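Beneath this line is the structure, given in structure tokens, with notes to follow.
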Protein chains: 2
Amino acid sequence: MTDYLRKEVKNKLINGDYSCAKEFTLSMFSGKWKIVILYHLGIDGIYRFGELKRLLPQASNKMLTKQLREMEADGIISRTIYPEIPVRVDYSITDLGQSLIPIIVAMYEWGEERLKSMKQDVKFSINEEAIK
Amino acid sequence: MTDYLRKEVKNKLINGDYSCAKEFTLSMFSGKWKIVILYHLGIDGIYRFGELKRLLPQASNKMLTKQLREMEADGIISRTIYPEIPVRVDYSITDLGQSLIPIIVAMYEWGEERLKSMKQDVKFSINEEAIK
DNA sequence: CCGCATCCATGTCGATACTG
DNA sequence: CAGTATCGACATGGATGCGG
């Protein structure tokens, strides 16, 4: 829903509907590859376009570019072009982007916990099967 | 991207790729209306289907139902049917869903702050215009 | 090397009408 | 009341090829 969400939130903001603060935050990193890119840039540091591509082999050029451009427009990452030949482009997180990292870390931890307890449940049901 | 995200994450989980904990968490509330519904159920308490509809006038039956069913399947909300006539259905948040509320509150607060400083920037540029 | 442009299959969402 | 069914418009994302 990402593009849709971005458009919706923009419309709401234009129409003065400021009751959508959480949707606004969500629209920052809810996009294909966005949360992963942001996490890497926040934790690891600077990446070049090609490095991100290798990091996300499933992402097409088109999608990767789109996500990066949107995050740049939102001010959470920055893009630096070095007009060498061949061209070189660096991506890094901004201070604003960095301020989102705690939330993403919280999401990471929640996910880890949840996955752990889901594995537990699987073990339990296997044991129950064994008892029968 | 929501449905896509859900499918992707499910596939990743099936394939034993447990390195996607944040995407997994994201898939819990990244869906049309999900974060708003979850927030209301978490803060206000129980809602009936019709009440949610009135709360989200833009949401169609189809979408509202879909989002509620998915969140139920994910175990973050629960659905109770009272076989009266006419039928009555209550939706409430589960303990698991409640454990997501701090993250959503953090997102709400980040959004509020961000919107505030964006308004500030608008004021600044208006003042600059006035100075000229 | 880092993209953008185009085409096309698929997916998503709204509107409307109908049911137990 | 609380949904389901169906149809059609629209958007999304993958593949490919081109360009500075």
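Note that this is a predicted model, so its numbers are computed, not measured. Naming convention: chains lettered A, B, ... in sequence-line order (proteins, then strands); numbering from 1 in each chain.
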Problem set entry | Nearest-angstrom distance from the residue atom NZ of A:K34 to C1' of D:dT12 | 14 Å

Problem set entry | Nucleotide nearest A:K32 (side chain, heavy atoms from C-beta), chosen from D:dG3, D:dG14, C:dG3 | D:dG14

Exercise. If you pin A:K62 and A:L68 to their nearest nucleotides in DNA chain C, which one's is more 5'?
Worked result: A:L68

For this session: Would you please test A:L64 and A:K53 for side-chain contact (heavy atoms from CB on, under 4.5 Å) and show each step?
Result: CA-CA 8 Å; A:L64 193 50; A:K53 272 205 69 169; 3.4 Å; yes

For this session: Look at the rings of B:Y91 and B:F49 and say which category their plane angle falls in: under 30° parallel, 30 to 60° tilted, over 60° perpendicular.
Result: tilted

For this session: Mind listing the closest non-hydrogen atom pair of B:L41 and B:I93 along with its distance?
Result: O-CG2, 3.8 Å

Problem set entry | Spatial distance of atom CZ (A:F24) from atom CD (B:E112) [nearest 0.5 Å] | 11.0 Å

For this session: Specify the separation, in whole Å, of atom OH of A:Y47 and atom P of C:dC1.
Result: 18 Å

Exercise. In whole angstroms, how far is the P atom of C:dC2 from the CG atom of A:D90?
Worked result: 9 Å

Problem set entry | Sugar-phosphate, base or nothing in reach of B:K53, heavy atoms under 4.0 Å | nothing

Exercise. OP1, OP2 of D:dG3 versus side-chain N and O of B:Y91: anything below 4.0 Å?
Worked result: yes

Exercise. Roughly how many Å is it from CD1 in B:I81 to P in C:dG20, rounded to a whole number?
Worked result: 16 Å

Exercise. Do the side-chain N or O atoms of B:R48 get closer than 4.0 angstrom to the phosphate oxygens (OP1, OP2) of D:dA2?
Worked result: yes

For this session: Look at all strands and tell whether B:V87 reaches a base, only sugar-phosphate, or nothing, counting heavy atoms closer than 4.0 Å.
Result: base

Seminar exercise, completed: When the rotation axes relating C1' atoms of four end pairs to the next four are compared across the helix from C:dC1-D:dG20 to C:dG20-D:dC1, five pairs an end, they differ to 10° by 50°

Exercise. For the pair made of CD in B:Q58 and P in C:dG14, what is the distance, rounded to whole Å?
Worked result: 9 Å

Exercise. Within this structure, what is the CG-to-C1' distance between A:L56 and C:dC2, rounded to whole angstrom?
Worked result: 16 Å

Exercise. In whole angstrom, what separates B:E51's CD from D:dG3's P?
Worked result: 13 Å

For this session: Verify, without hydrogens or angle tests, whether B:E51 (side chain) and B:R48 (backbone) share a donor-acceptor contact under 3.5 angstrom.
Result: yes

For this session: Starting at atom CD of A:E70, determine the distance to atom P of C:dC4, rounded to an integer number of angstrom.
Result: 12 Å

Problem set entry | Which nucleotide in C:dG3, C:dG14, C:dC7 has an atom nearest any side-chain atom of B:M63 | C:dG14

Exercise. Counting distance only, does the side-chain N/O of A:T25 pair as donor-acceptor with the main-chain N or O of B:W110 below 3.5 Å?
Worked result: no

Exercise. Do the side-chain N or O atoms of A:R79 get closer than 4.0 angstrom to the phosphate oxygens (OP1, OP2) of C:dG3?
Worked result: yes

Problem set entry | Any side-chain donor near an acceptor of the partner, A:S78 and A:T94, under 3.5 Å | no

Exercise. Out of D:dG3, D:dC1, C:dC4, which has the shortest distance to the side chain of A:R69?
Worked result: C:dC4

Exercise. Do you know which two heavy atoms are closest between B:M28 and B:K34, and how far apart they sit?
Worked result: O-CD, 3.6 Å

Exercise. Which of the following nucleotides, C:dG14, D:dG3, D:dG13, is nearest to the side chain of A:K66?
Worked result: D:dG13

